[in-house]
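The structure under discussion appears below in the form of structure tokens.
As a basis for the values below, the full set of heavy atoms in this structure was taken, side chains included, without hydrogen atoms, waters or symmetry mates. Just so it is clear, the structure is predicted and the values come from calculations on it, not from any experiment. Letters A, B, ... mirror the listed sequences (proteins, then strands); counts begin at 1.
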There are 2 protein chains.
Amino acid sequence: MPRAGLDPAAVTAAAAGLADEVGLANVTMGLVAERLGVRTPSLYKHVASQADLNRRIAVLALVEVGDALREALQGRAGRDALAAAAHTLRSYVVEHPGRYAATLPLNPEGPDDPIAVAGARVLDSLAAVLAGYAIDPADTVHAMRLLRSLFHGFATIEAAGGFEMDTDVDQSFEWLVDFIDRGLKA
Amino acid sequence: MPRAGLDPAAVTAAAAGLADEVGLANVTMGLVAERLGVRTPSLYKHVASQADLNRRIAVLALVEVGDALREALQGRAGRDALAAAAHTLRSYVVEHPGRYAATLPLNPEGPDDPIAVAGARVLDSLAAVLAGYAIDPADTVHAMRLLRSLFHGFATIEAAGGFEMDTDVDQSFEWLVDFIDRGLKA
DNA sequence: ATCGTTGGCTAACGCCATTAGCTTTTAGCT
DNA sequence: AGCTAAAAGCTAATGGCGTTAGCCAACGAT
């Protein structure tokens, strides 16, 4: 029988795709194997465990988010950059809820943990957004946490179907971006 | 052998306590049974399944949060109420991360689903906070979603250890409450 | 052509959720 | 007080999933 020609990246990609389709919690090793046309134990030649696979999905998601943010912020500043970052993050979570969910248990095991590296790149983009506002350097950390908390919370609740659909969620999101923009200018 | 004298509430309470101690994902039926001094299958006389147990934990947490909020908001308004609600929510999540995590998959199966009822009570308290500000009625929905997203996001990231500890998280939280207060006044 | 490495497979183990069916306690009724 | 029926516990068993061990075939380098 011919070989499947897998590698860690291919396994991670398949798992990430499944996570978006059926939810991260329902991504089973058997399901990933089936998707790849392989038997379950074969996966262990490429990833160490299910926990390892989840970490790889998280890194993939953080890298993708980081790239998307960097691209979206090209040449933008101030309110423009804020809106671009906000929409980019929300779109990513809506389109890839499973991948994104894998990033929630942020447990960097060290400073060179790939998850910490990829996470830091995302934070750099958020810092770039804040650079467009005149913020007391002592407050930038707080403003960063504000953005992280708000975007993460909104995306998570939206992905979980936590908002009543009788009022337009897009409209709320625009209102929210505007609210933050006004606040950061003061 | 004497009887254990369990009921759904006791099982739920034990499971919620374990969730706070070992994390919701690690709450196994066997662990709950052991905590209660009972064999695993006996639990099924009181709860239908593990999913049912998780929903009960979520309801418990939402009721507790709702009660805590209502009490904290007694006689307060405006910035005072906002700060009280914020601190109450954060404290609850820090002290009961496992219970709170059970509330994340918000899937109300109907308008009389206990999870929807308990959730609505929490939202009522948030609405009470906003009542202390002069907000265009058309914008209250957006402001509600702002508060939910922000508090939920902050608490979730904090509970996951997602904030670098080199800058005081308490200080960020105060800054954040102040930021929202100023914004809601404009 | 061959040899070692690599990637796939089958078989097997242990843990967990769940169900079936039995036994004993216990509350309510006479 | 004694009886009965439901409720609450137990043991045994099933099926799924993660993981490991050990075997064999494919493939790249010599």
Side-chain angles (χ1 to χ4, degrees), chain A residues 1-60 98-99 101-105 107 109 115, chain B residues 1-60 98-99 101-105 107 109 115:
Chain A
M1 47 188 83
R3 258 185 215 196
L6 299 181
D7 57 27
V11 174
T12 304
L18 275 172
D20 292 338
E21 294 170 27
V22 304
L24 182 65
N26 300 321
V27 174
T28 173
M29 293 301 249
L31 207 56
V32 175
E34 186 184 10
R35 166 70 55 104
L36 291 167
V38 140
R39 302 296 196 149
T40 305
S42 306
L43 298 180
Y44 290 84
K45 292 291 163 119
H46 306 287
V47 298
S49 64
Q50 188 164 250
D52 178 38
L53 181 55
N54 278 334
R55 284 195 304 102
R56 287 171 189 271
I57 296 174
V59 173
L60 172 65
R99 287 159 149 82
T103 68
L104 294 190
N107 293 326
E109 307 256 335
I115 213 169
Chain B
M1 47 191 85
R3 256 184 218 197
L6 300 181
D7 57 28
V11 174
T12 304
L18 274 173
D20 292 337
E21 293 170 28
V22 303
L24 182 66
N26 300 321
V27 174
T28 174
M29 294 301 248
L31 208 56
V32 176
E34 186 184 7
R35 167 70 55 105
L36 292 167
V38 140
R39 301 296 194 151
T40 305
S42 305
L43 298 179
Y44 290 85
K45 292 290 161 113
H46 306 287
V47 297
S49 65
Q50 186 162 252
D52 177 38
L53 181 54
N54 278 334
R55 284 195 304 101
R56 288 172 188 271
I57 295 174
V59 173
L60 172 65
R99 290 157 146 83
T103 68
L104 294 188
N107 293 326
E109 306 257 333
I115 212 169

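Residues of residues 25-43 of chain B having a heavy atom closer than 4.0 Å to DNA chain D, listed by number: B:V38, B:R39, B:P41, B:S42. For the segment residues 44-55 of chain B, residues with any heavy atom less than 4.0 angstrom from an atom of DNA chain D are, sorted by number, B:K45, B:H46.
For the pair A:V32 and A:R35, the minimum side-chain heavy-atom distance is 4.5 Å or more. Looking at B:L53 and B:M29, their side chains come closer than 4.5 Å, going by heavy atoms from C-beta outward. Residues B:L36 and B:L43 have side chains in contact (heavy-atom distance under 4.5 Å, counting atoms from C-beta outward). In this structure, B:N54 and B:L24 have side chains that are in contact, with non-hydrogen atoms separated by less than 4.5 Å.
The local environment of CD in B:E34 is sparse, with at most 12 non-hydrogen atoms from other residues, nucleotides or ligands closer than 6.0 Å.
The CG atom of A:L18 sits 10.5 Å away from atom CZ of A:R99, with the distance rounded to the nearest 0.5 Å.
Residues satisfying the side chain to side chain contact (heavy atoms under 4.5 Å, CB included) criterion with A:P8, sequence neighbours excluded, are A:H46, A:R56.
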